[in-house]
Structures are given as C-alpha cells and as structure tokens.
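Since the model is a prediction, treat every value here as computed from it, not as a measurement.
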Amino acid sequence: MTEKTPDVSDAYALDTPKAARQLYAGWAKSYDDSFANARAYLLPDLTARAFADAGGCGPVLDVGAGTGLCGVALSGLRVTPVDATDISPDMLAQALRKDVYRDVIEADLNAGIPVPRQSYAGVVSSGTFTHGHLGPEVLPAILRVARSGAWFALSVNAAHYEEGGFATAFDRLLRGQWITNLSLPEVRIYGEDAVGAHRNDTALIAVFQKV
C-alpha cells in the first residue's frame, strides 16, 4: 500500500512538536514538488520581497525555514547572510542542500532559539505562523535574537491571525514600545491556478521594526 503524501490539511491539524517532527520527517524530500510547486506557493517569495522592500538586511534569521524556500528568495534579492531555524531536522537537511544558508539551527521556538541576544539585523518567517504551528506567544523569543532597528517580515495565516490573538499581541508590543512601523499587507498564499480546500487562503505579512 502506497503511503499518502502529506498535505496542508495535515499540517494544519498538528497539535504537538512531536507530531510536527513526524509529519515533516516524512514530507521533507517531496515537499517542494508535492506542495510548493504543485500549489504555486507564493508566500516565501512575497515574504522575502516585503522584507527587502522595507529595507531589511543581513544577517537574517529565517524562522521556520522548512526546506529553504524563503532563503532562496532572499538570496535572489541579494539579502545575505541568512541562517535557518526549524523544528524539523529533516526539513533543515533539505534547506542546506539549496546552498543559501550560512548555518542551520534545529529549535522548538516554544523553548527559545539557542543563539545570543541581538545576533540578527533582520528576521523573516514564511508559513510558520499558521494553524497547528506557532502563535504569538513566541514573538518575544524572536525579538530577543534581533538587534535594535532590525526589520521583521512574518507571514501569518489570515484566519489564524484573528483566532490566534495576534492583533492583541502586536498592540501590546506597540504600546510597550518594543516595535514600531507595523504594517500588515494581505497577500494570497497560493497562485491563481492552485487547487484544493485552501487554494484561496490569504496571509497577513507583519512588517515591523524592533525599537
């Protein structure tokens, strides 16, 4: 019996870090073809472009880097150097093969990122703040590794933004003067020809600067 290739619905149903590692261990080698290419996955390129257009520069941390699609987009925009972090060692192994990352860091963001404070001049994240993955509770850990003045471009699934409490979290960060210059452009996650239940999903790209 042929094992079913995972899909976005399986990813959205994740509920533990262990389940995430197991899913992506079986999906890593086919992810680019079976998901990103098949669904005309636009979000990594759009996130990288939002970061570059805001004036973002390296060194950059790609949070939830997966197989490295956002890193490839950043490299194409001449934004370097870039490090990758992800919970899945199998996805990071695929990312390394793209030869766009300076380093890769296996980490569960709920437990923090094992790098010194203020290591990065920018942070990007594409596809990680979504159903079954991460919520706004990890924003302090991400802010910790960024320098003052660092630019961020974090994509957040639009439905997850509403139900996950991101509006409240960003408002708290703004009022506490942790971040500034927040904008939230909404973009399509997939191309016009995408098929499947989530083909019309959108994301908000939270673009902001650390104070």
Locate the shortest heavy-atom distance separating [X] from [Y]; write the atom from each residue and the value.
X	Y	result
V115	V145	CG2-CG1, 3.4 Å
A153	I205	CB-CG2, 4.2 Å
S148	V211	OG-C, 3.4 Å
G149	Q209	O-NE2, 3.0 Å
R147	K210	O-CD, 3.5 Å
A169	L139	CB-CD1, 4.2 Å

Can you check whether [Y]'s main-chain N or O pairs, donor with acceptor, with [X]'s side chain at less than 3.5 Å?
X	Y	answer
S125	L154	no
S155	G127	yes
T85	I105	yes
D86	L92	no

**Q.** Criterion side chain to side chain contact (heavy atoms under 4.5 Å, CB included) on L42 and I189, from CA distance to verdict
**A.** CA-CA 5 Å; L42 303 174; I189 295 177; over 6 Å; no

**Q.** Evaluation steps, side chain to side chain contact (heavy atoms under 4.5 Å, CB included), between T67 and R97
**A.** CA-CA 9 Å; T67 62; R97 291 185 172 91; over 6 Å; no

For residues [X] and [Y], determine if any side-chain heavy atom of one lies less than 4.5 Å from a side-chain heavy atom of the other.
X	Y	answer
Y41	S126	yes
F208	L174	no
V207	L182	no

What distance separates [X] [atom1] from [Y] [atom2], expressed to the nearest 0.5 Å?
X	Y	atom1	atom2	answer
R117	L143	CZ	CG	11.0 Å
D171	R175	CG	CZ	4.5 Å
L77	T80	CG	OG1	11.0 Å
I179	L173	CD1	CG	5.0 Å
E106	D90	CD	CG	8.5 Å

**Q.** side-chain contact (heavy atoms from CB on, under 4.5 Å) partner of F152, the single match among I142, V63, V124
**A.** I142

Q: Check step by step if side chain to side chain contact (heavy atoms under 4.5 Å, CB included) holds for W151 and V123.
A: CA-CA 7 Å; W151 279 101; V123 179; over 6 Å; no

(Q) Working note: L109 + I87, criterion side chain to side chain contact (heavy atoms under 4.5 Å, CB included); need CA distance, chi angles, decisive distance, verdict. (A) CA-CA 8 Å; L109 264 69; I87 196 172; over 6 Å; no

Could you pull out all donor-acceptor pairs under 3.5 Å where a side-chain atom in residues 44-61 meets a protein atom, sequence neighbours excluded?
from: T47; atom 1: OG1; to: L43; atom 2: O; distance (Å): 2.9

Q. Would you call the rings of F166 and F129 parallel, tilted or perpendicular, where under 30° means parallel and over 60° means perpendicular?
A. perpendicular

Q) Would T202 and E186 satisfy side-chain hydrogen bond (donor to acceptor under 3.5 Å, both in side chains), going step by step from the backbone distance to the final call? A) CA-CA 7 Å; T202 63; E186 186 169 6; 2.6 Å; yes

Q.
Can you see whether Y101 engages D62 through a side-chain donor-acceptor pair at a distance of less than 3.5 angstrom?
A. yes

